[in-house]
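Contents: one structure, followed by commentary.
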Amino acid sequence: MSIQVKKDIRVLIAVIISALVYATAMKAFVESGNLFPGGFAGLSRMFSQSLSQFAHIEIPFSIFYLLLNIPPTLLVFRYVGRRFTVFSVLQYSLTSLFTELLPSFPITNDMLLIAVFGGIVGGFGISIALRANASSGGTDFLAIYASTKFNTPTWSYVMGFNAVMLIVAGVLFGWEKALYSIIYQFCSTQVVSALHTRYKLNSLFIITDKPEEVCDAAFHYCRHGITKLWGEGAFSHTPRCLLFMTVNTYQVHGLIDAIRKTDPKVFINVSKTERIIGNYYQKPLD
């Protein structure tokens, strides 16, 4: 069995688990609390409930969820990656299927608990797909497209889109549900932001006596540029080399291990990077 096939099997398993976890959040928390989750799932619930309440037309949530995902699916298929798109389509299709098949099973009647833990479970389900280089579709597609293009996290913009949607939901269905939905979406967004580190960046300042060996180790581990600056230790008055590089957050731990194996006495300062401008290699999703 080839390495790529093994990788695809792992992604497939992650996608199935992700869809099941997210569908569980929908049936155990969202439906029992009558909340509006983030993204296209919230829009789909709003459309479905609006037709049911105001026009007495019953159209399942899953129909809207699948239809809304078609335009962003075409966008990421062209600009982000085919394999990523295929697994993402599988994820939101399975989510729709599991949501229709699973029965509702309310865990608690406390609305605050429903909003908080529903958001945590839902965000965890989305994160499973994202960490496997897939997604749950919808606004995740748009956020990943923008993150790939601009090399910066865009989940805060997703939260802004969700806020506008909740204002509409509050006008249509009452502000109490909308306000609890804000708590749900905030918890979900925080979980995704914490667990999905692909588009978060860190800068490394590396002081070493072995610049060539350290550069070779870093280049072997990841494909990012390194800038050399020569200086002198203020106390020892011996030559030192300062290496500067920017990498994705998920690469930091492995990169540090690779560098320390080359130079056990190396000094490394890791700092957060808000944004970079210029040429930066982002490993493709496919």
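All of these numbers come straight from a predicted model, not from anything done at the bench.
- Looking only at side-chain heavy atoms (C-beta outward), Asp209 and Arg240 come within less than 4.5 Å of each other.
- A donor-acceptor pair shorter than 3.5 Å cannot be found between the side chains of Tyr65 and Thr99.
- A donor-acceptor pair under 3.5 Å is absent between the side-chain atoms of Ser52 and the main chain of Ser48, judged by distance alone.
- Across every non-hydrogen atom of Tyr184 and Gly122, the tightest pair is OH-CA, 4.1 Å.
- Between atom CD1 of residue Ile268 and atom CD1 of residue Ile259 there is a gap of 4.5 Å, rounded to the nearest 0.5 Å.
- Rounded to the nearest 0.5 angstrom, Ser62 OG and Leu101 CG are separated by 9.5 Å.
- Looking only at side-chain heavy atoms (C-beta outward), Gln49 and Asn34 come within less than 4.5 Å of each other.
- Taking all atoms of both residues into account, the shortest heavy-atom contact from Val192 to Gly123 is CG2-O, 3.6 Å.
- Around atom NZ of Lys228, more than 12 heavy atoms belonging to other residues, nucleotides or ligands sit under 6.0 Å away.
- Atom-to-atom distance recorded for Leu94:CG and Tyr92:OH is 11.5 Å, nearest 0.5 angstrom.
- Of all non-hydrogen atoms in Asn202 and Thr249, the two that sit nearest each other are OD1-OG1, 2.8 Å.
- Here the closest heavy-atom approach between residue Ser18 and residue Ala129 is recorded as OG-CB, 3.4 Å.
- Ser88 approaches Ala134 most closely through the heavy-atom pair OG-C, 3.7 Å.
- In this structure, OG1 on Thr95 lies 9.0 Å from CG on Leu90, to the nearest 0.5 angstrom.
- To the nearest 0.5 Å, atoms CG (Asn133) and CZ (Phe87) are separated by 10.0 Å.
- Between the side chain of Ser93 and the backbone N or O of Val89, at least one donor-acceptor pair lies under 3.5 Å.
- Classification of the Phe205-Phe244 ring pair by plane angle, with boundaries at 30° and 60°, yields tilted.
- Hydrophobic clustering, with ILVMFWY side chains joined whenever heavy atoms are under 4.5 angstrom apart, keeps Ile167 apart from Ile183.
- A distance-only check finds a donor-acceptor pair linking the side chain of Arg45 to the backbone of Leu35 [under 3.5 Å].
- Taking a 6.0 Å sphere around OH of Tyr221, one finds it holds more than 12 heavy atoms contributed by other residues, nucleotides or ligands.
- Remark: side-chain polar atoms of Lys200 are paired, donor with acceptor, to backbone N or O of Ser193 under 3.5 angstrom.
- With no hydrogens or angles considered, a side-chain donor-acceptor pair links Thr273 and Ser203 at under 3.5 Å.
- Pro37 approaches Met26 most closely through the heavy-atom pair CG-SD, 3.9 Å.
- From Ile182, atom CD1 reaches atom OG1 of Thr189 across 11.5 Å, with rounding to the nearest 0.5 Å.
- With contacts defined as side-chain heavy-atom distances shorter than 4.5 Å, the pair Thr24/Phe105 qualifies.
- The side-chain heavy atoms of Leu113 and Ile107, taken from C-beta on, include no pair separated by under 4.5 Å.
- At a threshold of 4.5 Å between non-hydrogen side-chain atoms, the residues Glu213 and Thr208 do not count as touching.
- Residues Leu20 and Leu102 form a side-chain contact, since some pair of their non-hydrogen atoms from C-beta on lies under 4.5 Å apart.
- Looking only at side-chain heavy atoms (C-beta outward), Tyr22 and Ile128 stay at 4.5 Å or farther from each other.
- Transitive grouping of hydrophobic side chains (ILVMFWY, heavy atoms separated by less than 4.5 Å) brings Phe29 and Val191 into a common cluster.
- Considering only heavy atoms from C-beta on, Ile206 stays 4.5 Å or farther from Asp263 through its side chain.
- The aromatic ring centroids of Phe173 and Phe36 lie less than 6.0 Å from each other.
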